[in-house]
Undergrad: 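Below is a structure I'd like to ask you about.
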Amino acid sequence: MASSKIPNTGFSIFSEMTKMANKYNAINMSQGFPDFDCSDNLKNMVFKAMSAGNNQYAPLEGVYKLREMISEKINSLYSYNYDPDAEITITSGATQAIFTAITAFVKENDEVIIIEPAFDTYEPSIKLNGGKPVYVKLSYPDYSINWEEIQRSLNSRTRMIIINTPHNPTGAIFTEEDMIKLQKITSGSKIIILSDEVYEHILFDGNSHQSVAKFPELADRSLLISSFGKTYTTTGWKTGYCCAPAELTQEFRKVHQLVVYAANTPIQMAYAEILQYPEEYLKMNDFYQKKRDLFINLLDGSNFDIVPSKGTYFQLLKYSKISNLNDIEFNEYLIKEVGVTGIPISAFYHEKAKHNVLRFCFAKNDDTLKLATDKLRKL
Ligand code: PMP
């Protein structure tokens, strides 16, 4: 048999947990997808685009109208101007954009800073390209970042820093001060920032999203990656984008064409149309804040320790008052004996140390949240 290029990488924990939840008929709060549908309006926009004959390849860089709408959106929200022609590329989801960006820029032995816990595709994508992940940990309970530690980790081999705000899995967010510190410690260097902003429209308690596009000096050496999946309840449509200065975009597109050539045409047309209605994405903060509040309130008086999520549709629950099991064992116990599943947070760390925190996705119908919390409150 051929030897594996990524021997330590298994199949995604998310699909494993979903399979197990189905097998034991447990309420699935593991994988990050809503159990409610996207709007009929948006579906009709796709149908309209297909009926009008938009069913062949889009341009490599994406449908122009969509790139134009993204440019306008970013300009109105973050005051940075990306040229739709030379600086925006539509991808088959953020996952593809992340892989493409890492493949385009990370060479053999280049170092890439990853902030742990981290979304699970970063590390294997770096390793597949011969790069070396360098891990810096966020600290419990607020999952704040230690910029001095990041600074100490930088050297002449550092090629990239991957940031993710709002942050999956912790629900932490970067403040303006965080972004200024990042800008300062990378100022004058050639380090590329890969900024994963897929939850940019899911922030709570009046906090505002700190995009790299708000910091022009940072934006000049960043790849801003986002996705429509979270914003429009369409994770299955797998469409996202990457915005970056022309020089970086050119290299990004060279790889993008090899990975997918171009993203799905009618879906791009539909997003271009719905982006004409900013209220559709602006309402998501409130929509998910209600879900977060409901989930937390329903767990009031339970034995879990809860630090309210500040963004994303994830909430961490610490269970050290309930059990001494490690997070994988405790999650298995929840699936088999309690009838609910989250995701063990150790899935987001490279070292399998003993953790006692699980991540729950609250992008679920209110009835699902009630049923799940009824079970969790009994523990
Ligand atoms: N980055 C983060 C932090 C995510 O949580 C996800 C989706 N779970 C992605 C990227 C991937 O997004 P997409 O589904 O558009 O590929």
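In each ligand, atom 1 is the first atom listed, and ligand 1 is the first ligand listed. When reading the values below, keep in mind they use all heavy atoms of this one structure, side chains included, and skip hydrogens, waters and symmetry mates.
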Undergrad: Please report which non-hydrogen protein atom sits nearest to atom 4 (C) of ligand 1, along with the residue it belongs to and the distance in Å to one decimal place.
TA: Phe119 CE1, 3.5 Å

Undergrad: Which protein non-hydrogen atom lies closest to atom 5 (O) of ligand 1, naming both residue and atom, and how far is it?
TA: Tyr199 OH, 2.6 Å

Undergrad: With a sphere of 6.0 Å drawn around CD of Gln257, does it hold more than 12 non-hydrogen atoms of other residues, nucleotides or ligands?
TA: yes

Undergrad: Going from CG on Asp327 to CD on Glu332, what distance comes out if it is rounded to the nearest 0.5 angstrom?
TA: 11.5 Å

Undergrad: Hey, is CD on Glu177 packed in by over 12 heavy atoms from elsewhere, all under 6.0 Å?
TA: no

Undergrad: Does an N or O from Asn164, backbone or side chain, lie closer than 3.5 Å to an N or O of ligand 1?
TA: no

Undergrad: Are any of the N/O atoms in Ala94 less than 3.5 Å from those in ligand 1?
TA: yes

Undergrad: For the residue pair Tyr281 and His201, does the interplanar ring angle fall in the parallel (under 30°), tilted (30 to 60°) or perpendicular (over 60°) class?
TA: tilted

Undergrad: Are the side chains of Gln96 and Val259 in touch, meaning some heavy atoms are under 4.5 Å apart?
TA: yes

Undergrad: Between Lys238 and ligand 1, find which residue part has any heavy-atom pair under 4.0 Å and reply side chain, backbone, both or neither.
TA: side chain

Undergrad: Is it the case that atom NZ in Lys43 sees more than 12 heavy atoms from other parts of the structure closer than 6.0 Å?
TA: yes

Undergrad: Short list, please: which atoms of ligand 1 are under 4.0 Å from a heavy atom of Ser227?
TA: 13 (P), 15 (O)

Undergrad: Are any of the N or O atoms of Asp196 closer than 3.5 Å to those of ligand 1?
TA: yes

Undergrad: Under 3.5 Å between some N or O of ligand 1 and some N or O of Asn168?
TA: yes

Undergrad: Atoms of ligand 1 less than 4.0 Å from Gly93 heavy atoms?
TA: 15 (O), 16 (O)

Undergrad: Can you check whether Thr95 has an N/O within less than 3.5 Å of an N/O in ligand 1?
TA: yes

Undergrad: With nothing but distance in play, are any N or O atoms of Lys230 less than 3.5 Å from an N or O of ligand 1?
TA: yes

Undergrad: Just wondering, do Ile345 and Leu316 contact through their side chains at under 4.5 Å, heavy atoms?
TA: yes

Undergrad: Taking the ring centre of each residue, are Tyr261 and Tyr57 less than 6.0 Å apart?
TA: yes

